[in-house]
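Structure record follows, encoded as structure tokens.
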Amino acid sequence: MMTIESTSSVSISGWKIQSQVGGYPLLHKEYVENAVFVDFVNELTVENETLVIYNITTPQNENAGWPTAVISCKFSPHGWGFEPAILIVPETSLAFIGAGTTLLAYDLMKLEKLWEDTADLGFFSWERHGDVVIMSAEIELAAWSIKGEKLWTKFVEPPWFYEVKNGRIKLDVMGIKTTFNIYSGEG
């Protein structure tokens, strides 16, 4: 039996997102039965993985009483900075999900999975800068458009960090600093 580790809920501009890490919510069966779209990613995997479930209600469905989409994913690694996260782009109805080494993108207007990708050694976070979504992982920095198109990817090695200013990314990898265009990834 899986132990529920954490739950969270956020609502903004008609979007409602409930997440649960570590186990199934009490009404999971009902959520799945009543959702318009359901996706189980990595459902049958090894036992040392963790489960994350996102119940997403779109603005068009906000009064339905049930989530529009239920997305669950077993993932690894977990902990020590490797926490699952979701980023919603309201104007394109896209959801970017990262969990362990799994990266996912969904079109929540069309209710379909756009793509599945991997994050080298483990996902850290999503961050939006205008019409670009940046993904940070243990040894990778990558960017997608808010329409879900992959723009570029870069190898990084810890310790590393970046900042975005005026459409440029300033990247520091182990003290070596580079600057490049946020859209093309080119210096």
Side-chain angles (χ1 to χ4, degrees), residues 1-47 49-76 78 82-119 122-137 142-151:
M1 178 168 184
M2 290 188 233
T3 304
I4 296 171
E5 181 181 305
S6 67
T7 60
S8 65
S9 183
V10 65
S11 180
I12 186 166
S13 301
W15 290 87
K16 296 176 186 168
I17 303 161
Q18 295 175 320
S19 69
Q20 189 150 332
V21 177
Y24 294 97
L26 184 61
L27 295 175
H28 181 68
K29 180 181 173 198
E30 290 80 4
Y31 288 161
V32 168
E33 289 172 353
N34 290 285
V36 180
F37 177 80
V38 177
D39 192 22
F40 298 106
V41 181
N42 304 331
E43 199 63 16
L44 300 172
T45 56
V46 296
E47 63 183 68
E49 293 189 322
T50 304
L51 176 70
V52 62
I53 298 171
Y54 290 103
N55 297 311
I56 305 166
T57 304
T58 62
Q60 299 78 15
N61 200 36
E62 68 180 317
N63 295 318
W66 297 103
T68 310
V70 175
I71 300 165
S72 65
C73 178
K74 284 195 175 176
F75 67 97
S76 180
H78 179 226
F82 299 108
E83 299 300 330
I86 185 170
L87 183 141
I88 301 284
V89 180
E91 60 269 36
T92 59
S93 297
L94 291 190
F96 291 87
I97 294 174
T101 58
T102 303
L103 301 175
L104 305 161
Y106 295 89
D107 183 325
L108 296 174
M109 183 63 74
K110 294 179 182 175
L111 295 171
E112 65 183 16
K113 184 190 291 185
L114 293 179
W115 48 259
E116 185 169 341
D117 202 344
T118 58
F123 166 83
F124 285 151
S125 67
W126 297 108
E127 204 173 291
R128 181 173 175 189
H129 297 276
D131 52 358
V132 175
V133 175
I134 304 288
M135 186 279 308
S136 300
W144 283 264
S145 75
I146 60 170
K147 295 179 181 178
E149 301 152 335
K150 194 164 195 176
L151 301 174

Query raised in the report: What's the verdict on side-chain contact (heavy atoms from CB on, under 4.5 Å) for W66 and N61, showing C-alpha distance, side-chain angles and the deciding distance?
Result: CA-CA 8 Å; W66 297 103; N61 200 36; 6.0 Å; no
Atom [atom1] in [X], atom [atom2] in [Y]: separation rounded to 0.5 Å?
X	Y	atom1	atom2	answer
L94	L114	CG	CG	5.5 Å
D107	S93	CG	OG	6.5 Å
I86	S19	CD1	OG	8.5 Å
Q18	S8	CD	OG	9.0 Å
I88	R128	CD1	CZ	11.5 Å
I17	I12	CD1	CD1	9.0 Å

Any [X] side-chain heavy atom under 4.5 Å of [Y] side chain:
X	Y	result
P25	N55	yes
I53	I71	no
F37	Y106	yes
T118	L103	no
I97	P84	no
S72	L51	yes
S125	S136	yes
I56	W15	yes

Identify the heavy atoms of [X] and [Y] that sit nearest to each other, and give their distance.
X	Y	answer
V89	V133	CG2-CG2, 4.3 Å
P67	Y31	CD-CD2, 3.6 Å
T102	E116	CG2-OE2, 4.1 Å
C73	A99	SG-CB, 4.5 Å
A143	I134	CB-CD1, 3.8 Å

Requested in this report: Please lay out, stage by stage, how V52 and K74 fare under the test side-chain contact (heavy atoms from CB on, under 4.5 Å).
Outcome: CA-CA 6 Å; V52 62; K74 284 195 175 176; over 6 Å; no
Report summary line: Given the options F124, F75, F123, F82 meets ring pair (Phe, Tyr, Trp, His ring centres under 6.0 Å) only with F124
Is the side chain of [X] donor-acceptor paired with the backbone N or O of [Y] at a distance under 3.5 Å, no angle test?
X	Y	result
T68	T58	yes
T92	I146	yes
W144	A105	no
N34	E30	yes

Report summary line: Contacts of H28 meeting ring pair (Phe, Tyr, Trp, His ring centres under 6.0 Å) (sequence neighbours excluded), chain-then-number -> Y24
Query - Side-chain donor-acceptor contact under 3.5 Å, H78 with E5 - result: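 Present: a donor and an acceptor within the cut-off.
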Requested in this report: In sequence, state the C-alpha distance, the side-chain angles, and the governing distance for D117 and K150, and then conclude on salt bridge (charged side-chain N to carboxylate O under 4.0 Å, His left out).
Outcome: CA-CA 10 Å; D117 202 344; K150 194 164 195 176; 2.9 Å; yes
